[in-house]
Amino acid sequence: MGNIIIAIDGYSSCGKSTLAKALAKKLHFIYIDSGAMYRAVTLYFLRNHIDLTDEKAVAKALEDIHLSFHSRDYQSHITLNGEEVSEEIRQMPVSENVSAVSAIKAVRTDMVKQQQRLGRSKNIVMDGRDIGTKVFPDAQLKFFMTADPKIRAERRYNELITKGESITLEEVFENLAHRDYQDTTREESPLVRAEDAIILDNTNLTEEEQLQFAIEKVKALGWNSETA
Ligand code: DC
């Protein structure tokens with residue numbers, strides 16, 4: 001069997017990365033957070049005041065951006081031109097601009113190419129919005145995650161507050177609603193469930209229950225961490 005790809009797509013703040021990391025750890029796969037790539041590009045664009053409507057400036061910026069991943073303890077760390085930016089890309093300025101940046105065709109083409117390269121020879125779990133539809137349409141296992149928007153906003157709010165950000169629950173809710181809207185209505189690879197993706201609604205599921213659900217699906221395909 002060639003290398004195995006597990007694709008996890010879904011709405012913002014649905015717990016995709018939590019499940020993806022847990023699955024990768026259990027199966028000894030590599031976890032890749034594709035959203036972090038779009039976020040790092042957004043950070044670069046913000047820092048360098050790139051005009052999103054200026055195709056040349058966007059193309060030049062993409063040439064100047066070098067991303068790399070470092071996996072430590074199944075946490076995915078991303079560097080932007082050698083600088084560790086894993087924390088900064090989670091903050092609101094990036095969250096507020098990432099959907100607009102990730103709707104740009106040239107950005108998507110570049111990211112998809114890099115993501116496909118990352119999955120060429122290794123067993124990976126990758127989460128995002130278009131992994132099962134566009135990046136790896138032949139992935140052996142696909143999940144599409146969803147949850148009640150209010151629950152999602154509460155989860156993300158608690159996460160941000162714990163990190164010391166000053167923000168209201170309403171602001172978080174608005175940001176998620178806005179990103180869902182942009183992600184599902186954009187022209188380039190909108191967020192949509194792949195026909196063969198298994199739906200996982202985790203509104204009322206604990207992290208452990210979600211992992212069990214996913215592991216059952218993995219087992220149904222006849223793999224385990226030893227054979228994979
Ligand atoms: O998963 P996340 O919230 O960190 O992703 C940040 C943004 O990046 C999200 O609003 C949409 C975009 N994204 C995308 O368009 N395609 C992906 N494969 C992953 C993320």
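First listed ligand is number 1; within each ligand, the first listed atom is number 1.
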**OP:** Using side-chain hydrogen bond (donor to acceptor under 3.5 Å, both in side chains) as the criterion, point out the one residue from E207, E209, R155 that pairs with N202.
**Re:**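 For N202, the side-chain hydrogen bond (donor to acceptor under 3.5 Å, both in side chains) test succeeds with only one of E207, E209, R155, which is R155.
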Using a 4.0 Å heavy-atom threshold (strictly under), name the region of [X] that reaches ligand 1: side chain, backbone, both or neither.
| X | value |
| --- | --- |
| R39 | side chain |
| H178 | neither |
| Q115 | neither |
| R90 | side chain |

Original post:
Going through the checks in order, is the side-chain hydrogen bond (donor to acceptor under 3.5 Å, both in side chains) test met by Q114 and D110?
Top reply: CA-CA 6 Å; Q114 293 193 36; D110 192 351; 3.3 Å; yes
**OP:** Please confirm whether the backbone N or O of I5 pairs with a side-chain atom of Q140, one donor and one acceptor, at under 3.5 Å?
**Re:**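 Yes: the side chain of Q140 pairs with the backbone of I5.
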**OP:** Ignoring hydrogens and angles, tell me if any N or O in the side chain of R156 forms a donor-acceptor pair with the backbone of V172 under 3.5 Å.
**Re:**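 Checking the backbone N and O of V172 against the side chain of R156, no donor-acceptor pair under 3.5 Å is found.
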**OP:** May I ask you to establish whether K142 and F144 are in a cation-pi arrangement, using a distance under 6.0 Å from NZ or CZ to the six-membered ring centre and at most 45° from the ring axis?
**Re:**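 Not flagged: K142 not positioned over aromatic ring of F144.
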How close does the nearest protein non-hydrogen atom get to [atom], and which residue and atom is it?
| atom | value |
| --- | --- |
| atom 12 (C) of ligand 1 | S102 OG, 3.5 Å |
| atom 2 (P) of ligand 1 | R129 NH2, 3.6 Å |
| atom 19 (C) of ligand 1 | S34 OG, 3.3 Å |
| atom 3 (O) of ligand 1 | R179 NH1, 2.8 Å |
| atom 20 (C) of ligand 1 | G35 CA, 3.5 Å |
| atom 16 (N) of ligand 1 | R108 NH2, 3.0 Å |

Spacing of [atom1] belonging to [X] relative to [atom2] belonging to [Y], to within rounding of 0.5 Å:
| X | Y | atom1 | atom2 | answer |
| --- | --- | --- | --- | --- |
| S99 | Y181 | OG | OH | 12.0 Å |
| E171 | S95 | CD | OG | 12.0 Å |
| L191 | D130 | CG | CG | 8.5 Å |

Subject >> side-chain hydrogen bond (donor to acceptor under 3.5 Å, both in side chains) between S13 and R179, worked out >> reply: CA-CA 10 Å; S13 291; R179 284 205 284 147; 4.5 Å; no
**OP:** Could you tell me whether D33 and R90 have a side-chain N and a carboxylate O separated by less than 4.0 Å?
**Re:**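 Yes, this pair counts.
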Subject >> 4.0 Å heavy-atom contact, M37 with ligand 1 >> reply: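 False for this residue.
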For [X], the ligand 1 atoms whose distance to one of its heavy atoms is below 4.0 Å:
| X | value |
| --- | --- |
| S99 | 10 (O) |
| G128 | 17 (C), 18 (N), 19 (C) |
| D183 | 9 (C), 10 (O), 11 (C) |

Original post:
If we only count N/O pairs under 3.5 Å, is R186 in contact with ligand 1?
Top reply: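 So ligand 1 has an N or O lying under 3.5 Å from an N or O of R186.
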Original post:
N/O to N/O below 3.5 Å, does that happen between D130 and ligand 1?
Top reply: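 Yes: some nitrogen or oxygen of D130 is under 3.5 Å from one in ligand 1.
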**OP:** Say whether H178 and E174, considering side chains only, have a donor N or O and an acceptor N or O under 3.5 Å apart.
**Re:**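 Note: H178 and E174 side chains miss the donor-acceptor criterion.
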**OP:** Have a look at V112, V98, I8 and point out the one with the heavy atom closest to atom 7 (C) of ligand 1.
**Re:**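 Result: the heavy atom closest to atom 7 (C) of ligand 1 is in V98.
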